[in-house]
Protein chains: 4
Amino acid sequence: MALTTEQRVRRAAVKLFAAKGFHGTGIRDLAQAAKISSASLYHYMGTKEDLLVDIMRECLDRLLLAARRALDTVDDPADALSALVTLHVMAHAAQPDETRVVDNEVSALSRAPRRRIVALRDQYEAIWADTIDKGVSAGVFDAPEPAVTRLALLEMCTGVARWYSPRGPLPLDRLAARYAQLALRMLGSPALLGGDGAERAREVAAEVWRIRP
Amino acid sequence: MALTTEQRVRRAAVKLFAAKGFHGTGIRDLAQAAKISSASLYHYMGTKEDLLVDIMRECLDRLLLAARRALDTVDDPADALSALVTLHVMAHAAQPDETRVVDNEVSALSRAPRRRIVALRDQYEAIWADTIDKGVSAGVFDAPEPAVTRLALLEMCTGVARWYSPRGPLPLDRLAARYAQLALRMLGSPALLGGDGAERAREVAAEVWRIRP
Amino acid sequence: MALTTEQRVRRAAVKLFAAKGFHGTGIRDLAQAAKISSASLYHYMGTKEDLLVDIMRECLDRLLLAARRALDTVDDPADALSALVTLHVMAHAAQPDETRVVDNEVSALSRAPRRRIVALRDQYEAIWADTIDKGVSAGVFDAPEPAVTRLALLEMCTGVARWYSPRGPLPLDRLAARYAQLALRMLGSPALLGGDGAERAREVAAEVWRIRP
Amino acid sequence: MALTTEQRVRRAAVKLFAAKGFHGTGIRDLAQAAKISSASLYHYMGTKEDLLVDIMRECLDRLLLAARRALDTVDDPADALSALVTLHVMAHAAQPDETRVVDNEVSALSRAPRRRIVALRDQYEAIWADTIDKGVSAGVFDAPEPAVTRLALLEMCTGVARWYSPRGPLPLDRLAARYAQLALRMLGSPALLGGDGAERAREVAAEVWRIRP
DNA sequence: GATGAATGAGGTTTCATTCAT
DNA sequence: AATGAATGAAACCTCATTCAT
């Protein structure tokens, strides 16, 4: 089935914003990639910035939704962290363009939308902080500076969007498992192979992003 | 002592490119930040892109130099990795603007300079790959997919430039030590406190960037 | 009937390039003369140079077309030369701006378009060379250095664009006839009044440039 | 003997103005060609326009001087015209850059200097007009529209600067003689080989421009 | 729903020129 | 005599956006 014009616009924007940055992408680039005239673009979006905000919000909304759903049914901190890492890595590997836009283009937003986007990001990171804190409190994680560890973990996982290619030799689930292992090592937690956090994360990823690893 | 105009230009560029991106920074922004007219900018640079290239090259040159110097006197793989992580983290924490420019603005370069910059970056990453491979061969590191581990490590350490603030509670050397510990954990290597890799790295950092933690 | 915007742009460019030269004419001058904003100019042209190239090419194309058509039905060398001179003079007198642009602004072109324009000009001059050679071979023309004579003839006729005014006392056909006479004298050929070369040239001029003397 | 800086500036200007036009030549082009800094240029000239005016005036002054001197000792109209053509052609062939600047860049002048330059040019052309008129009055020349003939002659001779190369096969005196013959033919006057107009012109040219054919 | 035409504002870069050293 | 530093103005061109059709 063919793509809607609106979808073409969205995808063009995601691809171009990821590749050349928001300021590096012109309205005409977008129009050309979406195969419509630049005037017609304005039937499918507000301003260029609105388009960026939409992309970012949807991406973050899904990430938040996924994290919350996954943690809903998981209690053990190591399992929970596994789930978070798995989700984050899968999302960033499967949607590198969207996530890179979220990560790199916040500075292109004007004040009001930036506040909103940053608030979403903060909510998401709070979930990670929470999970780590619980693990530390429970004595399962060893993290002398939990905030540092959280940021190290997040940057490590986010970085996947900058280099992972689905055409490479490593399948998505192997990648995610590898990262979960790395994360637990960082937290001084014995790697629990087959913990059901990762399993739950894969289910959620399938629901939220229709990812089939 | 007052800053040279050339230095003011360079610093303005680094700060603005880091904060708003290359395409988000106008010539007039640069001129205003450097306190000269926009025409005068062109006494101190070629094009705006040349300025970007200069910044990137110098930053990468120093990173390469530092890595090579540090590894010159270090043999043990765990020590070597400690040294690399320490250097990388210190550089990114102490010069977050420069390093963010290097990391984020490669796509703003036109073909020829991009090739040159990417070549430098590849040389640098090859040093990490080498170090990890040696550790794996020596049985000191456990890294089933060494390339993945390398990228995870690099992204984790590079991420420091995105959040670390020298005004925060964590001093630079504590931060670096923490990251070295995380890195060794990721490689399944027992944390060697007081290994002289980190020590050597601090010396080199002092020479290359005049960082005094 | 009113002029198209595109036509206004073209005419403004021809007039200004002729009067002040390509480099002496600014985009704003063009816009003002065409009665649109300078940004709007770019809907009707590529770069300023593209506009120049278009003007030159069209002018030369027509000149070539006219020369070929006229010589198609003329055999006698004196008649042929009469036709060439008549056409050239009529074109330069009726379209002094276009032809002055062609003559004066070749040096403003960058390499690739210059090659193309010069090639056209060379084709045109080859027709003159051919005609002169034939007359010399036939013993009708006396031209010890045919190349010199050709250049002298061309410069003489081209010069018309630099001084002729349709508001002056001399009507176009009288001017052309005068020049044909001068040309034949230069070639030592008895002036043939009423030779049908000039007649044919007038027909072609009417077709190609809609000139009605 | 080496050239004065002032001479280098003058020659650079002549060459560049001829090749790329006044507006197409930048101050930095001039400085580079004269091998001094662009600031230093201003020790040797007023404004860029002043430099242009100087070049034009000197060129026209010499042409006027030469024409007057030559005609001083020549009476016969055919001889006089021979002299004028010879001088003009020699000047334009030997100093193509100067004369092309005079011919092409008048429109680059602002009002006041333009008036002065045009006045000089008019004086010079008046000499030609005078000479032709005398010949017509004397029944030596056949020129139904003397003004047209004058302009045709001038354009033909001036055109030499656009194509003649001293490296070509035709020596300067042969070229001049050829043009004198063409001119007399145009005027319906029997070619007088060896008339002393041309001889006198060659003497004057040697004095005024140090041309040795 | 789609677009050609249009534009004010702003993009980067170059202009001719001045001046302190 | 010579120039590096400096600049306001202007160069060409592209920007995101609007609107009548």
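Chain identifiers are assigned alphabetically (A, B, ...) following the order of the sequence lines, protein sequences preceding nucleic acid strands; residue numbering begins at 1 within each chain. These numbers come from the heavy atoms of this one structure, side chains and all, not from hydrogens, waters or symmetry mates.
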Side chains of A:Met56 and A:Leu109: does their closest heavy-atom pair fall under 4.5 Å?
-> yes

Whole angstrom value for the distance that separates P of F:dA1 from CZ of D:Arg8 | 14 Å

Do any pairs count as a salt bridge (charged side-chain N to carboxylate O under 4.0 Å, His left out) and have a residue in residues 22-45 of chain B, sequence neighbours left out, and if so which ones?
-> B:Lys20-B:Asp29

For atom CD1 of C:Ile36 and atom P of E:dT7, their distance in whole Å = 7 Å

If the sugar-phosphate is the primed atoms plus P, OP1 and OP2 and the base is the rest, what is the B/S/- string for nucleotides 15-21 of chain E, using protein heavy atoms under 4.0 Å?
-> BBBBB--

Separation of atom CG in C:Leu30 from atom P in E:dT7, rounded to whole Å | 15 Å

Any idea which heavy atoms bring D:Ala108 and D:His23 closest together, and the distance?
-> CB-NE2, 3.9 Å

Figure out the NZ/P separation between A:Lys20 and F:dT14, and round it to whole Å.
-> 13 Å

For the pair A:Ser40 (side chain) and A:Ile36 (backbone), establish whether a donor and an acceptor sit closer than 3.5 Å, ignoring hydrogens and angles.
-> no

A:Tyr44 or C:Lys35: which one's nearest nucleotide on DNA chain E is closer to the 5' end?
-> A:Tyr44

Should we count CD of D:Gln7 as having more than 12 external heavy atoms under 6.0 Å?
-> yes

Can you name the residues that form a side chain to side chain donor-acceptor pair (under 3.5 Å) with C:Ser38, not counting sequence neighbours?
-> none

Is any side-chain heavy atom of C:Lys48 less than 4.5 Å from a side-chain heavy atom of C:Leu41?
-> no

Can you tell me which residue pairs pass the side-chain hydrogen bond (donor to acceptor under 3.5 Å, both in side chains) test with a partner in residues 98-114 of chain C, sequence neighbours excluded?
-> C:Glu49-C:Ser110

Atom CD of B:Gln32 and atom P of F:dT7: how far apart are they, to the nearest Å?
-> 13 Å

Go ahead and write out DNA chain E as dot-bracket, 5' to 3': ( ) for pairs within the strand, [ ] for ones crossing earlier pairs, | when the partner sits on another strand, dots for unpaired; Watson-Crick or G-U wobble, both distances under 3.5 Å.
-> .||||||||||||||||||||

May I have the distance from C:Asp50 (atom CG) to F:dT14 (atom P), rounded to whole angstrom?
-> 10 Å

Determine the contact category for C:Leu41: base if any of its heavy atoms lies under 4.0 Å from a base atom, sugar-phosphate if only primed atoms, P, OP1 or OP2 are that close, otherwise nothing.
-> nothing

Sequence-distant partners of C:Glu58, side chain to side chain donor-acceptor pair (under 3.5 Å), two or more places apart = C:Arg10, C:Arg62

